[in-house]
Protein chains: 2
Amino acid sequence: MKQRTMIDQKPDKITITDIARMCGVGVTTVSRAMNNHPDISEETKAMIMQVIRDNHYVPNNSARNLKRSASKTIAVLIKGITNPFFNHMIKVFEKEIQKNKYSFILHRVDENQDEVEVAIELEKEKRLKGIVFLGGQFSHANEKFKQITVPFILSTGGVTSEVGSENYSSVSVDDFKESYKMVDYLCGLGHRKIAIITSPPDHVDVGTLRFEGYLKALEDHGITFREEWAWYMREDIEGFSMDNGYAVTKHRLSANPDVTAIFAVADSLAIGACKAIFEDGKRVPEDYSVAGYDGLDISFYYNPSLTTIRQPVEEMAEETIRILFDMIHKKVKHTHRIFPAELLARASTRPLL
Amino acid sequence: MKQRTMIDQKPDKITITDIARMCGVGVTTVSRAMNNHPDISEETKAMIMQVIRDNHYVPNNSARNLKRSASKTIAVLIKGITNPFFNHMIKVFEKEIQKNKYSFILHRVDENQDEVEVAIELEKEKRLKGIVFLGGQFSHANEKFKQITVPFILSTGGVTSEVGSENYSSVSVDDFKESYKMVDYLCGLGHRKIAIITSPPDHVDVGTLRFEGYLKALEDHGITFREEWAWYMREDIEGFSMDNGYAVTKHRLSANPDVTAIFAVADSLAIGACKAIFEDGKRVPEDYSVAGYDGLDISFYYNPSLTTIRQPVEEMAEETIRILFDMIHKKVKHTHRIFPAELLARASTRPLL
DNA sequence: TTGTACGCGTTATCAT
DNA sequence: ATGATAACGCGTACAA
């Protein structure tokens, strides 16, 4: 009954012990009240919870995590947050993870941080049960992967170079194939001079594979690739952004007047390209056919609506979580799942003649 | 003495004590080596760090946070991540915070969580030095604000109802005024039947103030508001999304043939509206003038480019951090800074007649 | 059903 | 310069 009254100078310094003392019970009982433990009478529990509320007591998560052995939480690591492509996926992750009665942490990793290192740290800190790497590129991560001791999966991320595929799970689309599909489509429309907006050659990211798909499609159509068709993103502007597509196209368009189609390896780049074309007094698709990649919402809403490769984001996200839980429940060791993407032929491309 | 001798299967269970033993030094010394403490010889430090690297030892952050008294970290809390409007701001936050030698945590708070409660928890867990609430609405948060014991600032967020402004700092634009400005502009172009796409009346968010600005501008131009001009976002679709603007316009357009202009309280809504207009066989701005709000990148790239209210996001973000550090360094108690926004008159609106 | 005491992994204090 | 040890706040055997 000796509720500690008034003159609370340090309301944040209150601990479970204080609550216990206020309630005249032991810390165990307080702990039980908070964690919905069975072995506690309803009335003492109610009383304790009331005192907790009255005093605005908030348990310290660091102490909890330190003590707790397991924690039923999944972390999703994402590099940057600029990519609108991930928004849908994150929502699905959240829903699916909650459906499994796990809690969900979205952790952003800085552009210049190593996401695997962050994961290793986070696993210990939060006693994670599983990890999803959303996007990102994993070139030489093999050694580090081994330090992750819980199931993890690469969702939508590329694994370049020789990282043994028996060491991780993944969900993705075949960037090479889908990119090929698009360029093949453009060729089928009669285009033979097709520029591509992609990452600089020394970069290792999704742009690389998509560029190779482009090359192969050209070859299969008997078209000899010309270096001047490779419009590399600028490095001084954020990658895969509208700004970048705009700047690149602005610079390259007039120098390549015979190009009839432009394939951008991201919808945002394609939109930037369109703007540059408009400002040049030209039209899409009458003067230039423009195609994107990703299938963002905006590709539908843009005017003209963008021909693009739609990745089945929702399904991919669901499958990501499904595989992860399969691994957690030891039903399976690792899985690689490649989804087919869909070519959406819309208004930004047209047959040549 | 009951140190683990049993076959180490868990390489992640290695602790600072293990490292100390391996190095033949005390735990204190290891701790010093890791934290760049001055009181340690270069050679022992190098030796210890090598052992740490060899064994892939990673210190447990929960234990660190628990023990550490202070931590020089700022957290930015953001509700949802769908809003592309925040992307620029986050980058600036990160840069500015690092410039101050603090570290930066971006913490996403779930749609159905109370961000202030999350903040209170996080403050203890991470020993935060300051908090930024990015966006969000704070109606009855006054009591809870008091439980936050470190400086915090509301950036770009609305505070509706009577939360004493002496209890927090804030950076924002005057939604009422800027909204008024836009509608006033439309009226100046000769429009008198102007629809608005905004949040449902019972919602408390940025839409509310912007709606009021719209109402006032109409009134000042001697226009009597008609209920049928209020196109409320659908609740079964994500708020402020292109999908929502599209659905609403699709539904309302034909029922209101005499409307000549549409003011959407977000660029994304405006884009959705444009699409619906196009599908109706009409044009922007020839048949309808459409205006947005926010000044997203896409508003420039869209076709036609969107007339909008551009919030000075970079400056606002910089000021947010500046004020926060002023508070941290006790130079100031709290500050409210309102930024002017800029009306960008572009191609999606035109004079009537 | 409830309480006591210990340990989680780290850093801070105070010795040496 | 280095080391032993006491916290940090909580959960949980184990005892009552």
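Chain letters run A, B, ... following the sequence lines, proteins first, then strands; residues in each count from 1. It should be emphasised that the depicted structure is a prediction, and the values quoted were computed from it without experimental measurement. Both backbone and side-chain heavy atoms feed into the values below; hydrogens, waters and symmetry mates do not.
We find that CZ of B:Arg32 is positioned 12 Å from P of C:dT11, with the value rounded to whole Å. One can place CZ of A:Arg21 at 14 Å from P of C:dG3, the figure rounded to the nearest angstrom. Separating the NE2 atom of B:His37 from the P atom of C:dT13 is a distance of 9 Å, rounded to the nearest angstrom. Protein atom CG of B:Asn60 is 18 Å distant from nucleotide atom P of C:dG7, rounded to whole Å. The distance from atom CG of A:Asp18 to atom C1' of D:dG9 is 10 Å, rounded to the nearest whole Å. Straight-line distance from the NZ atom of B:Lys13 to the P atom of C:dT10: 11 Å, rounded to whole Å. When the P atom of D:dG11 is taken as reference, atom CG of B:Leu66 falls 12 Å away, rounded to whole Å. In this structure, CG of B:Asp39 is placed 14 Å from C1' of C:dT16, rounded to the nearest angstrom.
The side chain of A:Tyr57 places an N or O atom within less than 4.0 Å of a non-bridging phosphate oxygen (OP1 or OP2) of D:dC10. Distances shown here put a side-chain N or O of B:Arg64 below 4.0 Å from the OP1 or OP2 atom of C:dT11. OP1 or OP2 of D:dG3 lies within a sub-4.0 Å distance of a side-chain N or O belonging to B:Thr29. A close approach under 4.0 Å does not occur between any side-chain nitrogen or oxygen of A:Ser62 and OP1 or OP2 of D:dC8. Residue A:Asn35 has a polar side-chain atom (N or O) positioned under 4.0 Å from OP1 or OP2 of D:dG11. Taking 4.0 angstrom as the limit, B:Ser31 places none of its side-chain polar atoms (N or O) nearer than this to OP1 or OP2 of C:dA12.
In summary, the aromatic rings of A:Phe325 and A:Tyr102 are positioned with their centroids under 6.0 Å apart.
Side chain B:Thr28 to base D:dA4: a donor-acceptor pair is found below 3.5 Å. In this model, a side-chain donor or acceptor of B:Lys67 finds a partner on the base of D:dA7 within 3.5 Å.
For A:Ser31 and A:Thr28, the side-chain atoms include no donor-acceptor pair closer than 3.5 Å.
Take the nearest nucleotide of DNA chain D for B:Val30 and for B:Arg127: the residue whose nucleotide is more 5' is B:Val30.
A:Thr17 comes within contact range of no nucleotide atom at all, as no heavy-atom separation falls under 4.0 Å. In this structure, A:Val27 reaches the bases: a heavy-atom distance under 4.0 Å links it to at least one base atom across the strands shown.
Between atom CD of residue A:Glu121 and atom CG of residue A:Asp114 there is a gap of 11.0 Å, rounded to the nearest 0.5 Å.
Of the candidates C:dT11, D:dT2, D:dG11, the closest approach to any side-chain atom of B:Arg68 belongs to C:dT11.
For A:Lys126 and B:Glu125, the salt-bridge test passes: some basic side-chain N is under 4.0 Å from an acidic carboxylate O. A salt bridge does not link B:Lys79 with B:Glu111: every distance from a Lys NZ or Arg NE/NH1/NH2 to an Asp or Glu carboxylate oxygen is 4.0 Å or more.
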